[in-house]
Every structure is written in C-alpha cells, then in structure tokens.
Amino acid sequence: MAIQGNTKMVSIVDDDDLMRSALQGLLKAVGLQALAFASAEEFLTSGQQHATACLIADIRMPGISGLELQAKLNAEHCRIPTIFITAHGDAKMRMQALRAGAVEFLAKPFDDVALIESVRAALES
Amino acid sequence: MAYLHSAKPVPGPAASVASRYGLALLSVAVAFGIARAFLHFHLPQPFTALALSAIAITFWYGGNKPGILAALLSLIVRGYFFESDLSVASRGLYDLVFLIFALLMTGVTRARDELEVRVAERTAELTQTNLDLQLEIADRKRAELELRESEAYLAEAQKLTHTASFALDMANRVIIHWSQEHFRLFGFDPKDGFPLYEDVQRRIHPDDLESMTETYQKAIKEKTDYKLDYRIVLPDGTMKHVLTIGHPVFNMSGDLARYVGTVMDVTERKRADEEREALRQAQADLAHANRVTTMGELTASLSHEVNQPIAAAVTDANTCLRWLMRDQPDLEEASQAASRMVKDATRAAEIISGIRLLFKKGTAQRELVDVNKVIREMVVLLHGEATRSSISIRTELAEELPQITGDRVQLQQVMMNLMMNSIDAMKDVDGTRELIIKSQPGEDEQLMISVSDTGLGLPAQQADRIFSAFFTTKPHGTGMGLRISRSIVESHGGRLWAADKSSRGATFHLTLPTKADAQK
Ligand SMILES: Nc1ncnc2c1ncn2[C@@H]1O[C@H](COP(=O)(O)OP(=O)(O)OP(=O)(O)O)[C@@H](O)[C@H]1O
Ligand SMILES: [Mg+2]
C-alpha cells in the first residue's frame, strides 16, 4: 500500500463540503492522496491542475460548472482524465462529458468500487 | 272681462259733439224746409209729422241731448212759423206731443243702447271663447306631439336597454298595455294585437313555467310585488333569459286592479356573468395548478438536495467498512468516517425538516410588496371557490399599511394556502360560513395578518402537528401547505402560528417585519 508520488495526484472539485470529505476519506482508505477544491475557480487558480493525474468533479456547481471546467482544461491543453459525479445524470450530458474526454460518469449515490477502479485506471494510463 | 268696459255704445264718442248737435239743427231745418215747400204748393202742411221724424232721427243718431234740442227747436219753429194763430191750449197740446215723443225717444235710444252693449258683450264673449278654443286646440296639438315624441323616446330607450313594459287588467285578466319591445322580445307581431295569455305561456321555457306560475299566483293572492327570473324560447329556438318585475295597482276600493311592470332581457348579462365565472374558475384552477407545480418542483429540488448528503453518507459508510475490514482494522480512521456519516445524515434531516433549499440565499425575489394588495388579489382569485361553497369573504384591511420587502409570489402562496385551508374547513359545516382576513400594523415595525374562519376547527389532539411536513387530514391533501407557508414567513423574518382554540373555527396569525432585511 505504497503512497503514490506527487505526480500521481488526484484532485476533487465539489461545492458540497460533505461530499469532498467523503471522497477524500474514501481515497485515503485505498491509499490514494487527494486534494479537495470547493469550486472550479479555486482549482484553476491553485496551479495544481498540471500536477493532477485524475480529476473527480461535480457537474452542477455555482459559478463554473464541471463541464465548463473540462472544456477550459482542454483549451489549456491540460487533458486530465476526469470522473464526473452528479445527481443529475441525464444521457445527453453524459455523452457530452464522455466525448470531451471524461473517463467515467457516475450518479450519486455512486458505487465506491466503480469509482476506485476508474481512478486507478486513470492513474495508470 | 275687462275689455267690456271699452265696448262703445252707438254712436260712440267718435261722432263729434258738433256733428251730433248739428244733426238736430239740420234735421229740424229739413223738416221746416219740406213743410214750407208743401205750403208753397198749397198742400196741407206736414211739419208736425216731419218734425217728429227729425226728432226721432236726431235721437237715434245724435243721442238724447241733441234729440231734446231737436224737440225744442221743432217746438219753437212750429210755434213761430206754422199755425201761429192757434189757441194757447192747442199749441200747448202740440208742445206736449213733442215733449212726450222726445221722452219716448229717450227710452227707445236707451233700450237700443243697452241692446247694443249686450250685443257687444256677447260678441266679445264669443270672440274670447273662440280664442280660448283655438288656444286649447293648439295646446292639445302640442301635447299630442310631445306625447308622441316621448313615446318614441321611451320605445327607443326600451329597445336600447332591452326592457319592455306591460300592464294587465286583473279584473278581466287581459293585457291592456304591451310595449313594442315586449312584442319584439317575445317574438309576436304587433299587427296581431295583444297576445293571449296562453300564447305568452307557450313561449316560456317548460322548466321555468311551473315556478313562474307559482310565484305569479302567489303575488296575485297576496297582492304584492313580484320578481321573476325565467327563460323564454322563441319559435326559431332562440333562448333568452328575462327578468320580470311586477307591481300591483289598486283601485279606489282597495282591490287589485292592475299589474304594471317591466320585462328585461338579461341574456347578455347572464352570458357575461357565466364567462366571468368561467374565467375566475380558470384562474383558480391555474393557481391551484401553480401550487401543484410548485410542489412538484419543490419535491424534485428536495430530492436533489437530500440526495447530496445521502450520497456522502453512502460513501462514508463504504469508507468506514473498508477501514474495519482490513486485516488490521483502523478504528481511528473508521470512527472518523463514521462521524462524517453522522454529519451527512444530520444534514439530510435538516433539509427535510427545514426545507432550507427553498430559501437559500438568492432563490427568493426581494421587492417592495403591498400586503393589502396581495390579500385583495387572493380574495378575487378565490371568490368563485368561496361562493361555490356559500362562503362569504370579509376583509378588514388597515389603510396606510407599510410595505414590506419580500417575495410577492411566495406571500401569495401563503395567503392562498391559509385561505384554501379555511375554505376546506368550512365546506361541510352548518351555519355561517365566513372567512375574515385582517391586516393591521403591529409592534416593533411588524405588521400582522390574520385569517379566521367559522369552519371545523383544528384537528383535536393533533393541533400541534399541523405545521409538520406531510401532516394532513384531507384525502387529497399534501400536508405541505402550512409547512411551506411557515418556512416562507420565517424566511421573511416573520412568524406564522395558529391561535389558541378559538370558540369556533380556526384563526391563523402571521407577522412580517416592515423594515428589516429578512435574509438571515
Ligand atoms: N383553517 C383550518 N381549519 C381547520 N383545520 C385546518 C385549517 N388549516 C389547516 N388545518 C389542518 O391542518 C392540516 C394541514 O394543512 P396544510 O395546509 O399543511 O395541508 P392540507 O391543507 O391538508 O393540504 P394542501 O395544502 O396540500 O391542500 C390540514 O389537513 C387540516 O387538518
Ligand atoms: Mg393546505
């Protein structure tokens, strides 16, 4: 259960504090270190996007939404494998996210095994 | 008859005094001349006869005084020129004859004068009567014209207002007046004369005939006014709603002589009323639909919001299990995950009971709201609903109520729910059904609104639960009305509560701050 190096960092962007802590806690339980951000803006200004190997993001957030964040990162040529977690998982949004390079699209409450597998896959790619 | 005094006896003063006395001289002179001429031709002298004629003529045309003058002149002329040799006695006899004749003539002229005055009077009277008659004829003509004109105006007015008039002779049971408009209204031809009672009856809608006859006969029996509301059907099938008002007229001995009255075509008004009612119904339905939609949106929003902490709780539970299921369970980490679970679950509970999401900062519209206006709007909206259940709505709104800052639509929802609850509570009670809404300024820059009804009252033993979410005693109730209302009022910085047991029905009070920014 070796802790991954900084190059293999996971970032979480979610406006809900409980969800952030829960995700961080889950990743810690499987030996993954994660940074948590309360908004897309916070993540973008932190400079951590270049060190991030996997991004877990909520879609519906005040300000910049998850999908907009993904588009912005793509525009900066910073293609991070992204896992979306959302309460509103409609098919259209799912297609849009996957086409823009999302690796997974999960509806809340989500299956923790599926999430961890996706994160691991993203980190190994 | 003042003008009689100016009537002139003949000859009138116009004939001058000179000519009248001149006549005396002239006539006697002529008599004298003729008599001399007779003597000249050795004829018997006729002076006496001629003088008498001269006197008569003078009296007739010259009047009394010239007549007497003529008599005296004749007397002198006779004594001087004719038969001057006569004895004193016979001359005196002649003189007497002249005098008596003159006396008689005064009588004659007086009689003539009186006659003439009387003729003048009669003529004047007749002239006056004639004048009067002419005036009267003119008056009558004018009156007739005016009558005809005012009849035309009346007919026009009846046509414009769709109001016909009638008069019935109750002794003979016949129509004695039936206006043009009445003919038109009932589709009869005025050329056929007044219709028979049976013909009129045939025009009445069969469903209305019985109640109409009943009311009518009752009025006749009690000799009172009557008011009838019925439908008539014309031969072409057109249906009209009419309103008839009849008023009894009594004769000298106090018996019912006539009924006079009006028949008004209220078809248009009825239709407008129905349309208005339909519109109000549609509005009420819409408002209800709105509320249901709001409920739907609320539920969707509620489930989304609750889903969030539940998802976190599921994740934390899984994490907790992962720490516990390790070969060497990490209790420290597990308990941290467990305490996060507690937080998640608490958040979920908070959302459900507080419905915080509805009033998260920014969701509500803040504007200046006139509470009285909101109340009035809701009264208009629910008027139809209330009327259908025989409920009267009364408002006692304080004038000059300060405005508040808030969300108008949300406040409408509160009023609507409180009023609908009251209406629901009164639908099945006997006695007065009254919904009273009051507004008044309160203490501490608050204003107070109360909604009271005379309905069933709050459910016994469960009065404290009515504000709980999903508590309802109605078959189709959501039980969210009061819950949402209280949240709305509280989000405005006010309070909503039910009054302690009122003697009858229920009373709800709510306060709203008039100044403060309610956002807390
Ligand atoms: N004016 C009232 N008189 C008597 N009982 C009332 C009155 N207002 C409310 N209640 C009681 O409180 C309960 C809850 O009311 P609430 O408005 O929350 O829901 P509801 O009226 O039952 O449902 P909905 O508002 O969806 O029609 C009612 O079912 C009723 O028992
Ligand atoms: Mg209700």
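Every chain is numbered from 1 and lettered A, B, ... according to where its sequence line falls, protein lines coming before strand lines. Everything quoted here is computed from the prediction, not taken from an experiment.
Taking 4.0 Å as the cut-off between side-chain N and carboxylate O, B/Lys343 and A/Asp17 do not count as a salt-bridged pair. Look at B/Asp330 and B/Arg322 and you find no salt bridge, because none of the NZ, NE, NH1 or NH2 atoms lies under 4.0 Å from a carboxylate O.
No more than 12 heavy atoms of other residues, nucleotides or ligands lie within 6.0 Å of NZ in B/Lys373, so this atom counts as exposed by the packing criterion.
The residue among A/Leu26, A/Asp14, A/Leu23 with the most heavy atom pairs within less than 4.5 Å of chain B is A/Leu26.
At a threshold of 4.5 Å between non-hydrogen side-chain atoms, the residues A/Asp15 and A/Phe37 do not count as touching.
No part of A/Leu106 comes within reach of chain B, as not one of its non-hydrogen atoms sits under 4.5 angstrom from that chain. Neither the backbone nor the side chain of A/Asp111 comes within contact range of chain B, judged by heavy atoms closer than 4.5 Å.
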